[in-house]
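Here's the structure we're looking at; comments come further down.
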Amino acid sequence: MWKYIAKRLLLIFGVLLGVTFVTFSAMYLAPGDPAEVIALARYGQDLSTEQIEAVRAAEGLEAPFHVQYLTWLHHLLHLDFGKSVIDSDDVLEEILLRLPATAELALASLLLSLLLALPAGVLSALKQNTLLDNVCVFTSLLGVSIPNFWLGLLLIWLFALNLNLLPTHGYGTLKELVLPTLTLGTSMAAVTTRLTRSSMLGVLKQEYIVAARARGLDESTILFKHALKNALLPILTLAGMQLGYLLGGVVIVETIFAWPGLGQLLVASIFDRDFALIQGCVLFIAVLFSLSSLGVDILYALLDPRIRYDQQD
Amino acid sequence: MAVIENRRELAKIIKKPRIKRPRQREAWQKFSQNRFAVLGILIIAFLAFLALFAPLIAPHEPLEQKPVRRLEAPSFEYPFGTDDLGRCIFSRIVYGTRYSLGIGLIVVALTSSAGTLLGLLAGYIGGLFDETVMRGVDIILAFPNIIPALVLAGLLGSGVSSVVLALVLTQWPTYTRLVRGEVLSLKKRAFVEATRALRASDIYIIRKHILPNCLGNVIVLGTLEIAHVIIFAAALSFLGLGIQLPNPEWGAMLKAGISFFLSAPHLSLFPGFMIMLTVMAFNFVGDGLRDCLDVDTEVTRA
């Protein structure tokens with residue numbers, strides 16, 4: 001196991017190195033002059049060419065690509081993500097400042113999605129081809145198809161504007177958490193419900209379940225002790241992939257609900273063309289995503305004794 | 001005599017027009033019995049009709065402004081009402097199908113063919129080429145969901161071409177990974193080995209044996225990816241990083257309507273509904289295809 005983890009970590013390190021290269025190249029090749037952006041932020045609208053050139057020299061922006069990239073990488077390895085071009089805040093500090101809000105929203109949504117999806121998926125599988133099943137299948141298909149931003153607006157329209165129950169946006173209290181969580185959680189639940197259902201259906205067909213029935217075990221024992229345990233494994237993998245969905249989803253949901261998280265920061269930095277901040281956010285998200293995928297894989301191996309990563313190659 | 005009769009019977013059976021590829025017919029039957037899938041096809045056909053004949057269907061010019069008639073509720077003259085500049089929302093929606101369907105189809109056509117080709121080559125050739133391609137795939141897939149497209153679209157600037165480019169550059173790896181996996185397992189199968197033993201060329205093997213066996217997966221993934229791409233494109237425009245107003249793109253229209261959400265919710269409701277309808281249709285069809293082609297792709301890139 002340890003060997004596997006070490007190998008995966010090494011691989012992730014390689015991938016992340018590639019990620020830094022791709023990110024940096026994208027910024028480097030992007031239209032627009034970073035020196036001009038910085039100069040604009042420092043000196044205001046009336047810029048002279050000399051000012052821009054001075055900034056270019058001061059920031060090392062005239063150096064060739066590989067020098068700039070290696071310098072940036074060198075700073076990264078010392079956990080120095082650079083400073084925001086617009087307000088010269090430290091990028092890493094800014095990201096860490098925004099992280100709790102995003103984490104709160106993401107965890108609440110994940111929790112909500114599991115609370116909705118697991119019972120719905122299991123029930124749907126147990127009552128296959130009944131009305132209840134059809135409703136579940138249709139609702140989850142609908143849920144997969146509703147864009148986040150549209151669902152969020154509908155919820156605002158219903159709960160905030162018409163019923164006046166919840167605030168339209170904001171951050172801090174539990175009330176303000178409800179609508180963003182509902183938006184993100186329900187759309188995630190749709191995917192999880194579908195997978196739970198198909199996974200459960202697959203397990204229920206297996207011989208050991210038939211054998212358990214033949215031995216006269218009561219249905220709830222069969223369901224909880226035998227079927228569910230095995231059916232939940234694929235869902236764990238999905239929950240790991242859902243993290244990617246979450247990280248993408250927060251970008252949009254945070255924008256709608258003015259939720260001061262990482263997603264909002266990323267979008268704002270893109271609009272400002274704040275290259276250092278964009279690079280920092282993207283890299284941070286990639287690291288978070290890669291590490292949590294590893295975490296899920298490890299958990300998977302721990303829970304399912306049939307999976308032994310060490311023995312493969 | 002019974003024997004002759006039997007022989008005649010036999011001849012009848014033999015001459016019975018051979019069912020053209022029974023598997024295909026079976027698949028089609030399974031597909032057409034799936035009510036959701038058929039509904040999806042109908043919706044897509046309807047949307048394609050709107051897109052093709054937009055100038056004939058739309059009662060007004062999509063960009064024509066009539067400030068005196070701004071923020072009107074749906075009426076006979078303006079079936080979906082008017083927006084804040086007095087533009088006909090119905091006409092804009094009709095023209096908007098061109099953006100969503102067009103971007104969805106172009107992006108998926110490009111990504112599925114490029115991604116499949118890379119996957120075929122990586123899986124078949126193996127070695128250093130495989131390594132290089134798959135590390136590229138890993139790197140792009142390390143950015144979750146919409147985030148890489150978001151950053152790229154932001155850097156490239158707004159407009160259809162930058163949205164398409166951003167989505168194409170970030171969406172191909174799913175196909176490559178899928179196809180490569182298939183190729184690796186197909187390569188070891190007896191029928192491929194046998195063909196190789198008959199000294200068939202690599203191109204022949206790929207074309208006749210490997211590609212056809214991957215195609216089902218690619219088609220299912222591609223259909224579901226159209227749904228994804230349409231959501232992504234609309235989301236980019238919604239965030240202001242995609243297609244900009246006054247162009248009648250649904251995501252951009254939805255966003256613009258938010259300011260008037262309290263007094264005139266139809267500004268946002270109609271475009272949002274259309275995005276949902278379109279995405280749902282492709283999801284229905286993709287699901288139906290998955291069931292009837294009997295492919296086992298866990299396409300969970302939601």
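Naming convention: chains lettered A, B, ... in sequence-line order (proteins, then strands); numbering from 1 in each chain. What you see below is based on every heavy atom in this structure, not just the backbone, and it leaves out hydrogens, waters and symmetry mates.
Under the 4.5 Å side-chain criterion, counting only non-hydrogen atoms from C-beta, Phe36(B) is in contact with Phe138(A). The shortest side-chain heavy-atom distance between Val279(B) and Pro147(A) does not fall under the 4.5 Å cut-off. Using a 4.5 Å heavy-atom threshold, the side chains of Leu141(A) and Asp287(B) count as touching. When side chains are defined from C-beta on, Thr23(A) counts as touching Phe143(B), because their heavy atoms get closer than 4.5 Å. Residues Val251(A) and Leu239(B) are in side-chain contact: their nearest non-hydrogen atoms beyond the backbone lie under 4.5 Å apart. For the pair Leu154(A) and Leu269(B), the minimum side-chain heavy-atom distance is below 4.5 Å. Inter-residue side-chain proximity for Ile256(A) and Phe238(B) is flagged as met; some heavy-atom pair is nearer than 4.5 Å. Proximity of Trp150(A) to Phe273(B): side-chain heavy atoms (C-beta onward) are separated by under 4.5 Å at one or more points.
Residue contact with chain A, scored on non-hydrogen atoms closer than 4.5 Å, involves the backbone and the side chain of Ala234(B) alike. In this structure, chain A has heavy atoms under 4.5 Å from both the backbone and the side chain of Ala142(B). At a 4.5 Å heavy-atom cutoff, Phe21(A) makes no contact with chain B through either its backbone or its side chain. The part of Ile147(B) that comes within reach of chain A is its side chain, from C-beta onward, which places non-hydrogen atoms under 4.5 angstrom from that chain. Heavy atoms of Ile278(A) lying under 4.5 Å from chain B belong exclusively to its side chain. For a residue to count as touching a neighbouring chain, one of its non-hydrogen atoms must lie under 4.5 Å from one of that chain's; by this rule Val15(A) touches chain B with backbone and side chain alike.
Interface with chain B: from residues 264-274 of chain A, residues Leu266(A), Val267(A), Ile270(A), Phe271(A), Arg273(A) qualify, criterion being any non-hydrogen pair under 4.5 Å.
In this structure, the salt bridge (Lys or Arg N to Asp or Glu O under 4.0 Å) partners of Asp133(A), at least two apart in sequence or on a different chain, are Arg197(A).
Of the listed residues (Leu277(B), Thr278(B), Ile230(B), Leu241(B)), the greatest number of heavy-atom pairs within a distance under 4.5 Å of chain A belongs to Leu241(B).
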Could you pull out every donor-acceptor pair under 3.5 Å between side chains of residues 148-168 of chain B and any protein atom, sequence neighbours left out?
unit_1    : atom_1 : unit_2    : atom_2 : d
Ser162(B) : OG     : Gly157(B) : O      : 2.3
Ser162(B) : OG     : Gly159(B) : O      : 3.2

Only distances under 3.5 Å count here; give the side-chain donor-acceptor pairs of residues 184-191 of chain A to other protein atoms, sequence neighbours excluded, each with its distance to 0.1 Å.
unit_1    : atom_1 : unit_2    : atom_2 : d
Thr186(A) : OG1    : Leu182(A) : O      : 2.5
Thr186(A) : OG1    : Thr183(A) : O      : 3.4
Ser187(A) : OG     : Asn148(A) : OD1    : 3.1
Ser187(A) : OG     : Thr183(A) : O      : 3.2
Ser187(A) : OG     : Leu184(A) : O      : 3.1
Ser187(A) : OG     : Tyr245(A) : OH     : 3.2

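For the atom pair CD1 of Ile156(A) and CD1 of Ile258(B), the computed distance is 7.0 Å after rounding to the nearest 0.5 Å. Within the model, atoms CG of Leu142(A) and CE of Met276(B) stand 5.0 Å from one another, a figure rounded to the nearest 0.5 Å.
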